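Structure first, then comments.
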2 protein chains.
Amino acid sequence: MINYSTGSGEFENWIISETEFSSNKLGKSEAIMYLGNGYLGLRSATEEPYINETRNLFVSGTFNKAEKNEVTELPNLADVTRIDILVDGERFSLELGETKQYIRQLNLKTAELIRTIYWISPQGKELRFQFRRFVSLDNLHLIGMRLDIESLTHPVEISIDSGINAQMSNSGSQHFLEGERRIFDKKYIQLVQTTNESSIDAVINTTHKMTINGVEANIDPIMNMERRKVWLTYDFALKPKENFKMEKLSTVYTSRDKAFDQPNYHLQELREHSLQDLKANAMQGYDVLFQFHQDAWQQQVWSKYNIDIKSENIFDELALKFSLYHLTVMTPAHDDRMGIAAKALSGEGYKGHSFWDTELFILPFFTYSNPNVARSLLTYRYHGLAGARKKAIDNGFKGAMYPWEVAWPTDGEVTPLYGDVDVVTGEQTKIWSGFIEQHITADIAFAVYQYFKITGDQAFMDECGYEMIFDTAMFWASRLEWSDNEQAYHINDVIGPDEYKEHVNNNAFTNYMAYFNMQLALRCYDKLAKENQKLLDKLEEKLDIAIGTIKERVEKIYLPQPREEDLVIPQDDTYLDLKEIDLTKYKEQEMVRSIYRDYNPEQINAIQVTKQADTLILFYLFEQTFLQNDSRFNKEVMQANFNYYEPRTLHDSSLSLATHAVLANDLGDKDLAYSLFVKAAEIDLGPDMNSSNDGIHAAAIGGVWQAAIFGFAGVRLVNGKLRINPRIPKHWDSMRFTIYWQDQPVTLLITKNLLTVTPDYNRKIEFEVYGKTYQCVDSLKIALS
Amino acid sequence: MINYSTGSGEFENWIISETEFSSNKLGKSEAIMYLGNGYLGLRSATEEPYINETRNLFVSGTFNKAEKNEVTELPNLADVTRIDILVDGERFSLELGETKQYIRQLNLKTAELIRTIYWISPQGKELRFQFRRFVSLDNLHLIGMRLDIESLTHPVEISIDSGINAQMSNSGSQHFLEGERRIFDKKYIQLVQTTNESSIDAVINTTHKMTINGVEANIDPIMNMERRKVWLTYDFALKPKENFKMEKLSTVYTSRDKAFDQPNYHLQELREHSLQDLKANAMQGYDVLFQFHQDAWQQQVWSKYNIDIKSENIFDELALKFSLYHLTVMTPAHDDRMGIAAKALSGEGYKGHSFWDTELFILPFFTYSNPNVARSLLTYRYHGLAGARKKAIDNGFKGAMYPWEVAWPTDGEVTPLYGDVDVVTGEQTKIWSGFIEQHITADIAFAVYQYFKITGDQAFMDECGYEMIFDTAMFWASRLEWSDNEQAYHINDVIGPDEYKEHVNNNAFTNYMAYFNMQLALRCYDKLAKENQKLLDKLEEKLDIAIGTIKERVEKIYLPQPREEDLVIPQDDTYLDLKEIDLTKYKEQEMVRSIYRDYNPEQINAIQVTKQADTLILFYLFEQTFLQNDSRFNKEVMQANFNYYEPRTLHDSSLSLATHAVLANDLGDKDLAYSLFVKAAEIDLGPDMNSSNDGIHAAAIGGVWQAAIFGFAGVRLVNGKLRINPRIPKHWDSMRFTIYWQDQPVTLLITKNLLTVTPDYNRKIEFEVYGKTYQCVDSLKIALS
């Protein structure tokens with residue numbers, strides 16, 4: 001069972017707890033309590049093993065294609081977390097003996113995982129165990145573990161097997177060649193792995209230090225090697241009340257690390273460096289290293305993001321801290337060649353690939369909270385132009401056609417070709433999104449626009465942004481299909497955000513976003529022609545910008561209009577004519593995507609059922625652009641579309657609820673908005689013990705932040721300006737947080753009646769609150785009606 | 001705990017039982033109770049999973065090299081045995097709830113595995129489970145499983161997950177590409193796997209049939225697919241006293257099967273054929289298929305080998321039946337392109353490779369009991385000439401240099417390069433046997449000679465045997481090293497059977513066997529020159545038989561002589577001068593090879609310690625040849641060498657004890673012989689719960705048969721003639737068995753005082769008993785003193 005409070009004093013409301021252990025429900029805590037630092041992600045499988053556990057260690061960017069029938073993915077590296085403990089010859093396991101006390105806690109503030117257990121062995125020996133673990137934010141290569149054992153009643157013989165195990169795989173797919181293993185001085189263990197296609201070397205090092213009652217215990221270990229495995233066996237006796245403590249420190253390095261991904265790279269150097277780092281860490285010990293780590297969290301995360309919610313429901317505050325925790329551990333802020341994975345670094349789901357999830361649901365957090373990281377994430381997409389151009393050429397288009405799924409940026413499209421079972425044919429379903437889910441290209445252009453407008457980072461635009469905008473616009477210009485009948489450009493045979501509709505024509509979201517993307521290119525072109533002809537010349541030379549074509553075609557794109565009778569914008573050419581079925585069963589489902597148990601994709605395609613927000617996102621996105629005055633997106637139309645589509649939407653994507661929460665807030669329905677916020681947070685943090693098995697939902701976690709900041713606080717970029725329309729839930733007394741606006745941190749404090757805006761650098765800012773424009777250089781208090 | 005009796009009536013003394021389940025000791029029963037038919041081997045992991053289990057399915061001959069850093073091995077195919085059972089949402093596991101009754105039995109007579117359990121769930125629901133399983137000897141592609149559940153006290157909700165899981169690997173090394181999965185009619189599941197280097201397709205098919213109280217239960221399953229996995233979920237309710245029965249039938253086919261390993265092979269045909277076979281089997285059902293299987297065992301095994309021991313100790317009889325069981329299931333009698341693996345098909349140990357284990361310790365059983373199979377195994381070595389010639393060329397020699405380890409016969413040497421940890425350096429030890437353990441070449445020549453002398457199979461000699469003998473002799477002729485000092489040919493830098501001595505010169509066993517091999521070639525040459533010049537011409541044309549060189553060199557081979565002072569033959573040039581240490585600790589060890597925990601290979605090399613019978617085997621082998629009158633191998637010398645080497649021998653190879661048992665018998669020490677026989681049988685069947693973790697010991701199992709037949713019954717080929725010198729243990733009343741001699745089954749009945757010899761076809765045979773020659777066509781009784 002997951003609890004959401006506990007912790008007191010310094011850690012009040014900072015702790016996620018599991019108070020009961022069930023070996024049938026392992027995935028939830030493994031994923032939502034996973035540790036990481038953007039460089040590496042360590043799924044929180046327990047030290048002692050269980051059937052159905054998933055033990056994962058991923059390093060960002062180490063993509064590999066295991067074999068020709070698979071797509072590239074993040075490989076599961078060698079494990080250091082499993083520790084086999086025998087007590088008088090009996091395996092320590094919570095399935096055996098009796099567990100008298102149990103608690104596992106993820107301390108969000110210190111990013112430490114702590115598990116405390118009072119266990120009675122099958123033979124009746126009583127022991128207390130404590131396991132602690134962190135993945136350092138101070139040294140990105142460091143994993144610290146600590147194990148305390150106290151025998152309470154009897155003298156016991158303990159045997160511990162601990163080392164490095166590279167028998168791991170990705171659900172059976174092995175990415176690594178058998179590599180060298182070595183034990184130095186019976187103390188330092190090193191294991192080398194090399195990916196079988198991308199030839200990335202990974203070096204894992206580990207060492208143990210033991211004390212009994214605080215005195216160093218010189219236990220002579222047995223050395224063991226097996227295939228892909230090397231470990232030490234420590235046998236020792238423990239008297240009653242004696243305290244045994246073992247520290248296990250590990251370092252993880254790979255040849256993808258920027259420092260080693262160099263022409264003169266040698267594996268031997270990587271081995272020596274990583275072992276030296278381990279030895280240096282071992283000199284300091286767990287407590288000192290943990291303090292460095294904790295300080296880094298305070299400085300880089302909690303001081304910086306500075307969020308504070310006062311709510312009747314402590315869950316709300318915890319949900320936001322949980323979001324900030326995960327937004328930090330999932331993000332490879334150290335390397336702009338790497339993106340954020342849809343399941344973060346917490347599981348094999350979606351193979352470590354990045355989707356539009358990043359740009360739409362995660363990037364905004366960084367754009368507003370840590371623009372340097374946002375820039376790094378967009379630079380990843382800039383590197384991805386190579387892959388996008390390749391995809392465009394392969395598909396007969398011009399410019400940059402971004403991959404639906406991306407891994408190493410220059411590799412281009414990596415969406416798998418086959419998925420789940422088709423309930424009708426018994427075959428694997430074909431996955432079409434890598435071919436025809438094309439809106440991502442415009443989504444990325446939108447993200448560049450949003451980033452620039454909020455940060456004012458002209459240097460990024462000059463170096464990367466304009467190029468991305470021109471080349472994406474060129475893709476659309478070449479992608480449009482002329483309809484002689486309609487005398488308009490259509491975009492046929494696509495998948496929109498609603499993936500329950502495949503091969504549709506004129507998906508409203510796609511058409512409008514393509515329109516925006518091309519309009520944006522025109523504006524950028526005009527701006528550069530006026531302000532920076534030199535850069536424009538350079539770009540014209542590098543790219544094939546047919547600006548005339550863009551200009552001529554953009555105005556002829558078919559843009560679905562609200563229907564006269566009910567203002568509903570057709571999601572695509574056929575949606576509104578599809579048959580309707582009773583969706584109650586699926587709206588009330590326990591597990592998402594349950595409709596696939598009854599219908600196959602072809603059948604779902606023929607029903608008015610939507611996986612996730614589709615047309616509705618347009619309202620939220622277009623408001624932020626220079627098109628915000630478009631009457632097609634006014635409140636009345638928005639309400640009509642919300643009323644039409646939401647009941648037909650199963651929220652079977654984790655991207656859906658938070659968007660609806662923001663929109664419900666915009667529409668003034670505070671209660672609905674709040675309940676959608678809670679539901680969005682519960683995707684990972686809720687009582688469903690299976691929803692996070694494949695990994696946490698990175699976009700949903702970003703979405704929780706958006707539901708709070710864009711929804712309740714009403715923060716929004718509107719036509720290049722900052723708008724703050726707070727509508728905090730009735731359960732909330734206040735919310736405080738800091739956003740970056742034009743390179744200045746601005747702290748907002750919102751209570752029911754008052755908005756306080758404080759530009760931290762005392763540089764003038766301008767913003768709008770409920771239609772009225774304000775300017776200030778100091779703290780400004782604005783009464784809310 | 002393993003028991004050795006139980007069973008009554010028809011099955012008295014036919015059953016190996018495990019009466020207590022321990023999840024810490026899984027390997028033993030998994031291995032010694034494994035099921036197979038020579039085509040496939042299925043390790044007996046339990047249906048419900050446990051940590052530290054090893055779940056294996058191997059198909060003979062499907063060798064694959066997973067990646068460049070590894071050697072080829074038998075890949076672990078997709079699993080059909082795991083079945084996940086939930087009882088009211090709780091996982092059925094003997095680690096959970098309470099197990100009131102438990103017994104697992106391998107019935108050697110019917111080759112069926114039966115597990116009966118009375119289990120109380122953690123919630124207090126009482127259930128009876130019975131699991132049954134066989135691997136058909138009637139249809140080599142068929143695996144039959146059956147599950148019975150009765151809820152004794154409460155109504156329960158049962159959920160069963162069952163299908164095909166290809167997430168298996170060989171200790172993390174994945175041999176298979178991700179393959180297609182398919183469910184036909186919600187009923188027949190098919191999964192395709194293809195090896196990533198040898199491109200062998202394997203197709204696994206499975207289906208379920210369920211009844212409740214004997215009435216077909218139409219439970220609509222949920223279909224599931226994951227990466228490398230496809231399965232069905234069956235949910236149903238069971239009232240108290242209702243009997244649920246599920247049959248799970250599976251077929252396994254591969255493109256290595258002779259029927260499909262053809263130029264016009266198409267995967268689609270393999271898929272269709274294997275599915276059709278499944279459907280046909282499903283029509284018959286478990287009970288009918290099991291009857292076919294049981295009949296096949298009776299006809300092909302128990303009627304044929306016809307062994308019967310009357311001993312005070314029922315273990316002895318069971319040990320022999322256990323040997324015959326395993327000799328049957330380990331042997332790919334269906335395909336002469338395949339050999340016997342050192343760990344049979346019961347585990348990953350030694351990677352499915354064949355060693356001299358086959359020729360020295362297993363082949364004799366078949367030569368005497370089922371000559372067709374012996375011929376198939378020798379034909380495998382004949383195919384292996386291609387690999388042996390390649391190895392000779394690679395090493396700068398002539399003729400055929402057989403690989404120390406062989407997999408697919410034409411592939412040549414496949415010994416891995418690295419092994420266990422070196423306790424001094426912490427590195428992996430280098431394995432030298434693939435380079436310098438060369439006696440195997442002569443061992444194979446000996447096996448050909450022995451086979452021919454016992455069977456009189458001239459056709460085999462003409463087609464294969466002579467070619468093997470000439471080409472192995474040519475290897476030795478080219479391998480010899482002339483010593484100017486000694487004016488003799490030496491064989492330097494080898495490993496003999498005692499692998500604790502690497503890089504030795506003039507290992508006695510190797511030198512004498514090379515001498516025999518070359519002498520044998522000379523005799524064959526002379527014989528062919530006299531009797532079949534046409535064949536000799538053909539062979540001369542095909543091979544490069546430098547018969548003059550062989551003749552000239554063979555007499556100049558240095559053959560170590562018994563020392564004058566004590567008649568000890570030096571194992572090699574330096575052994576007798578090495579230092580001696582107290583070996584008590586290692587002689588009394590619980591686990592073999594414990595000396596490696598204290599010494600590294602280099603250090604062991606410098607101690608008078610021997611892994612296994614080395615010089616001693618010579619006595620036993622030479623007696624069978626035309627060199628049996630060599631006075632160097634008389635009883636006195638034999639006794640002296642036994643007395644010298646046995647105390648220095650750790651029996652750290654499973655090949656050692658049985659050889660010593662035979663020799664002890666020859667030396668007249670019946671008690672020692674009997675105790676060594678028991679110890680040899682206990683290698684797999686004894687109380688050590690870890691000794692068989694990596695798989696059973698095929699050579700030891702053949703050795704148990706040899707200890708009984710060559711030892712106690714005193715059967716031996718002596719200079720081309722049959723000798724029977726019985727010396728049955730004092731605990732034994734009688735032994736009866738059938739051997740083949742010159743293509744005629746001959747049944748021997750031995751009691752303490754009487755030997756009865758019955759030539760089953762009433763063809764005259766001649767044999768010697770204690771120095772006296774007999775002839776008979778009918779049953780002949782000979783009094784024993």
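None of these values were measured; they are calculated from a predicted model. Values below: all heavy atoms of this structure, side chains included; hydrogens, waters and symmetry mates excluded.
- Ranked by heavy-atom pairs under 4.5 Å with chain A, the list B/Asp420, B/Asn165, B/Asn170, B/Asn196 is led by B/Asn170.
- Between chain A and the residues B/Thr425, B/Asn224, B/Ile183, B/Asp185, the largest count of heavy-atom pairs under 4.5 Å involves B/Ile183.
- Only the side chain of B/Glu70 comes within less than 4.5 Å of a heavy atom in chain A; its backbone stays farther off.
- When heavy atoms are compared at a cutoff of 4.5 Å, B/Ser171 approaches chain A by way of both its backbone and its side chain.
- Minimum interatomic distance between A/Asn24 and B/Gly89 (heavy atoms only, all atoms of both residues): ND2-O, 3.7 Å.
- Proximity to chain A (any heavy atom under 4.5 Å) is shown, for B/Tyr418, by neither the backbone nor the side chain.
- Of the listed residues (B/Glu178, B/Lys186, B/Met168, B/Glu53), the one with the most heavy-atom contacts under 4.5 Å to chain A is B/Glu178.
- Note on B/Ile189, B/Asn69, B/Val230: by heavy-atom pairs under 4.5 Å with chain A, the leading option is B/Asn69.
- Both the backbone and the side chain of B/Leu177 come within less than 4.5 Å of a heavy atom in chain A.
- The environment of CD in B/Gln268 is crowded: more than 12 heavy-atom neighbours from other residues, nucleotides or ligands sit within 6.0 Å.
- Aromatic rings of B/Tyr596 and B/Tyr586 (six-membered ring for Trp) have centroids beyond the 6.0 Å cut-off, not under it.
- Between B/Phe92 and B/Trp119, the angle of the ring planes goes over 60°, which puts this pair in the perpendicular group of the 30/60° scheme.
- Taking both residues in full, the closest heavy atoms of B/Gln174 and B/Ala66 are given as O-CB, 3.8 Å, listed atom of the first, atom of the second, then distance.
- Salt-bridge annotation for B/Arg271 and B/Glu180: present, with a side-chain N of the basic residue lying under 4.0 Å from a carboxylate O of the acidic one.
- Contacts of B/Arg182 with chain A are made by both backbone and side-chain atoms, with heavy-atom separations under 4.5 Å.
- Within the 4.5 angstrom heavy-atom criterion, no atom of A/Ser169 approaches chain B.
- Counting heavy-atom pairs closer than 4.5 Å to chain B, the top residue among A/Lys229, A/Lys68, A/Met223 is A/Met223.
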With side-chain contact (heavy atoms from CB on, under 4.5 Å) as the test, would you mind laying out the steps for B/Leu96 and B/Glu90 before giving the verdict?
-> CA-CA 9 Å; B/Leu96 305 173; B/Glu90 289 181 312; over 6 Å; no
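- Relative orientation of the B/His208 and B/Tyr234 rings is perpendicular, given thresholds of 30° and 60° on the angle between their planes.
- Heavy-atom distances place the side chain of A/Glu348, and not its backbone, under 4.5 Å from chain B.
- Remark: B/Glu30 CD to B/Lys25 NZ distance equals 13.0 Å, nearest 0.5 Å.
- Within a 6.0 Å sphere centred on NZ of B/Lys279, other residues, nucleotides and ligands contribute more than 12 heavy atoms.
- For the atom pair B/Leu275 CG and B/Phe184 CZ, the distance stands at 5.5 Å (nearest 0.5 Å).
- Residues of residues 72-86 of chain B having a heavy atom under 4.5 Å from any heavy atom of chain A, listed by number: B/Glu73, B/Arg82.
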Steps toward side-chain contact (heavy atoms from CB on, under 4.5 Å) verdict (A/Arg91, B/Ile51) = CA-CA 10 Å; A/Arg91 188 156 56 84; B/Ile51 291 294; 4.1 Å; yes
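- At a 4.5 Å heavy-atom cutoff, the contact between A/Arg228 and chain B is made by side-chain atoms alone.
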